[in-house]
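This report concerns only the one structure given below.
What you see is a predicted model, and the numbers here were worked out from it, not measured in a lab. Values reported hereafter were calculated over all heavy atoms of this structure, with side chains retained and with hydrogens, waters and symmetry mates removed.
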Amino acid sequence: MTLELTRITAKAEPNTAVAGAPLQTPAHQTAAHPLTPTTGAIVIGGDYRGLGIVRSLGRHGIPVWVLYDEHRLATRSRYTKQRAVWPDGGDDIHTRYLRYLSATYHLEGWALFPTADETAAYVARQHEELAEYFTLTTAPWEQFRWAYDKRLSNELADTLGISHPRTWRPADRDELATLDIVFPAILKPAYKTTLNQFTMAKAWPVNNHAELIQKYDEARAFTSPESIMVQEIIPGGGEAQFSFAALADDGRVVVSITARRTRQYPMDFGRASTFVETIEDEEVAEEGRRLIAATHLTGLVEVEFKRDPRTSRLQLLDINPRIWGWHTLGEHAGVDFSYLMWRHAFHLPVSEMHARPGVRWVRGMTDFPTAVRELIGGRLSPGEYLRSIRPGVGRAVLALDDLLPAALEAPFTLRIIAHRGAV
């Protein structure tokens, strides 16, 4: 029986019961938890990424809870059994909260699926303690940090001889003023501890020295100087954006997919891909495999590249050690990453496989405005756009067996926009 939202949030709010919740010692102390018919999954994050996990596991009969913040899309899926608010606060608050839920609602051993950089990093940092209560799908911090921190990712790429955009890491404003930076460039965070204007934008473009100093001062209002990077811009559009994503076991790729991220929103430095298609590209796959192997990561990971038209070389952009936005493309291409991650976490057999090429995926809510801008700018023809969304394309939110999230996506998005504008 599904608990009412009011009941569960009243018990789970961090300022009420959680703050004084008894910190009970679990009956089990082993790292691996037994899989039973009642074992489910807890998805931290209610956006379309979380929705994809909920549907994947729910279709296999696995009960799923969703812990949501401002994003509530996944809470309205027919496959969501229970939902509760993910509280604000630091690692200690979050750990007490999860332990409270485990003890109160008998969620011992359930799989934990964080969906965002911040929540995945939290699970990685608290890996040892959380593993006493839950089955984790996130690697421990020692492995996780090499992908999470872009400074370390670049160092790793350097040791492997893999190119990445030229990057400057000024210690402070004075050092920034002395650097010989080639414009145009971007300011970007090395990691994301919290959501703010700087981390949500993914990158801020700067066209000259004066603008660089101005944007740097703005970024400093949101984060520390050591987390601010200046990076050259690699020219090219969606045709040059690639990803290799995988389910890995200690760096060994078990299940994989290679894709071209043709459109993103916003198109210049997109926060998320909006139209993606699976391809075969041996170089992208090989470079992705080498990076994943070097991190020794276990779990889901996406490696983003851009091919530099000036040199034809792949440039590493990011390594994302958590579920990625377009992961549901895998289900259409024969590799259901969420369910396969579930099986792997519980030591069930997972065969080595690679997604088939030629499969398309779109997130209509953000792809349509992106396509309109590309059409107006003459970078996309009407025929190309219509062919990309022709029947057979996988959709991020719309699903015939679960229609309510698609009906609520627009009003939910408008509410988030209005809320952010009001604070």
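- Heavy atoms only, all atoms of each residue included: Ala371 and Tyr385 are closest at CB-CE1, 3.4 Å.
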Please report the C-alpha distance between Tyr122 and Thr95 in whole Å, then the side-chain angles of each, then the deciding distance to 0.1 Å, and finally whether the side chain to side chain donor-acceptor pair (under 3.5 Å) criterion is met.
CA-CA 9 Å; Tyr122 152 69; Thr95 299; 2.9 Å; yes
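- Under the side chain to side chain contact (heavy atoms under 4.5 Å, CB included) criterion, Arg395 pairs with Val362, Val393, Leu398, not counting sequence neighbours.
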Audit row: Ser243, Arg261, side chain to side chain donor-acceptor pair (under 3.5 Å) steps and yes/no:
CA-CA 7 Å; Ser243 282; Arg261 295 176 291 108; 2.8 Å; yes
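- Applying the side chain to side chain donor-acceptor pair (under 3.5 Å) rule to Asp401 yields the partners Arg59, Tyr79; only residues at least two apart in sequence or on another chain are considered.
- With respect to the salt-bridge test (charged N to carboxylate O, under 4.0 angstrom), the residues Lys202 and Glu304 qualify.
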Could you go through Asp402 and Ser77, starting from their C-alpha distance and side-chain angles, then the distance that decides it, and tell me whether this counts as side chain to side chain donor-acceptor pair (under 3.5 Å)?
CA-CA 6 Å; Asp402 191 25; Ser77 170; 2.8 Å; yes
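- Phe346 and Trp342 have tilted rings, their planes meeting at an angle from 30° to 60° on a 0 to 90° scale.
- Ring geometry for Tyr339 against His60 counts as parallel: the plane angle stays under 30°, on a 0 to 90° scale with 60° as the upper cut.
- Between Arg260 and Glu277 there is a salt bridge, since a side-chain N of the basic residue sits under 4.0 Å from a carboxylate O of the acidic one.
- The two residues Ile62 and Gly40 make their nearest non-hydrogen contact at CG2-CA, 3.9 Å.
- When side chains are defined from C-beta on, Pro165 counts as touching Leu317, because their heavy atoms get closer than 4.5 Å.
- Using a 4.0 Å cut-off between charged nitrogen and carboxylate oxygen, Glu384 and Arg387 do not count as a salt-bridge pair.
- Residues Leu212 and Leu187 are in side-chain contact: their nearest non-hydrogen atoms beyond the backbone lie under 4.5 Å apart.
- Residue Ala345 comes nearest to Thr137 through the heavy atom pair CB-CG2, 4.3 Å, listed as atom of the first residue, atom of the second, then distance.
- Ser338 places none of its side-chain heavy atoms less than 4.5 Å from the side chain of Met341.
- Of the possible donor and acceptor atoms, one in the side chain of Thr311 sits under 3.5 Å from a partner among the backbone N and O of Arg313.
- Looking at Ile186 and Val230, their side chains never come closer than 4.5 Å, going by heavy atoms from C-beta outward.
- Listed by first and then second residue, the ring-ring contact (aromatic ring centres under 6.0 Å, His included) pairs that reach into residues 211-254 come to none, sequence neighbours excluded.
- The aromatic rings of Tyr105 and Tyr100 sit perpendicular to each other, their planes meeting at more than 60°, with 30° as the lower class boundary.
- Taking the six-membered ring wherever Trp is involved, the centroid distance between the rings of Trp86 and His94 falls below 6.0 Å.
- Checked for salt-bridge contact, Glu226 and Arg169 miss the test: no charged N lies under 4.0 Å from a carboxylate O.
- Other residues, nucleotides and ligands contribute only 12 or fewer heavy atoms inside 6.0 Å of the CD atom of Gln197.
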side-chain contact (heavy atoms from CB on, under 4.5 Å) evaluation trace for Trp324 with Val301:
CA-CA 8 Å; Trp324 53 96; Val301 56; 5.9 Å; no
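- Looking at Ser153, its side chain does come within 3.5 Å of a backbone N or O of Trp146 through a donor-acceptor pair.
- Residues Leu404 and Leu408 are in side-chain contact: their nearest non-hydrogen atoms beyond the backbone lie under 4.5 Å apart.
- Heavy atoms from other residues, nucleotides or ligands lying under 6.0 Å from CG of Leu414 number more than 12.
- Counting only residues at least two apart or on different chains, the salt bridge (Lys or Arg N to Asp or Glu O under 4.0 Å) pairs with a member in residues 230-246 are Glu232-Arg310.
- No side-chain donor-acceptor contact under 3.5 Å links Gln264 and Ser273.
- The CG atom of Leu176 sits 5.0 Å away from the CD1 atom of Ile181 when rounded to the nearest 0.5 Å.
- Judged purely by atom type and a 3.5 angstrom limit, Thr366 has no side-chain atom pairing as donor or acceptor with the backbone of Tyr265.
- Ring to ring, Trp326 and Phe275 are not that close: their centroids are 6.0 angstrom or more apart.
- Using a 4.5 Å heavy-atom threshold, the side chains of Arg220 and Lys215 count as separate.
- Proximity of Arg83 to Arg76: side-chain heavy atoms (C-beta onward) are separated by under 4.5 Å at one or more points.
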Audit row: Gln143, Asp250, side-chain contact (heavy atoms from CB on, under 4.5 Å) steps and yes/no
CA-CA 9 Å; Gln143 290 78 45; Asp250 191 27; 5.7 Å; no
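- The ring-ring contact (aromatic ring centres under 6.0 Å, His included) analysis of residues 173-199, with sequence neighbours excluded, yields the pairs Phe198-Trp204.
- Heavy-atom minimum distance, Ser256 versus His354: OG-ND1, 2.6 Å.
- Closest of all the heavy-atom pairs between Phe113 and Ala111 is CE1-CB, 3.7 Å.
- Between Arg307 and Asp281 there is a salt bridge, with a side-chain nitrogen of the basic residue lying less than 4.0 Å from a carboxylate oxygen of the acidic one.
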For residues 154-162, which side-chain donor-acceptor pairs fall under 3.5 Å, sequence neighbours excluded?
unit_1: Asp158; atom_1: OD1; unit_2: His164; atom_2: NE2; d: 2.9
unit_1: Thr159; atom_1: OG1; unit_2: Leu156; atom_2: O; d: 2.6

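- Classification of Glu352 and Arg252 as a salt-bridged pair holds, one side-chain N sitting under 4.0 Å from a carboxylate O.
- The side-chain heavy atoms of Lys150 and Lys188, taken from C-beta on, include a pair separated by under 4.5 Å.
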Trace of the salt bridge (charged side-chain N to carboxylate O under 4.0 Å, His left out) decision for Arg99 with Glu129
CA-CA 10 Å; Arg99 291 170 69 175; Glu129 181 172 2; 2.6 Å; yes
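- To the nearest 0.5 angstrom, Arg145 atom CZ is 10.5 Å from Arg151 atom CZ.
- Between Leu101 and Leu67, the shortest heavy-atom contact is CD1-CD2, 4.0 Å.
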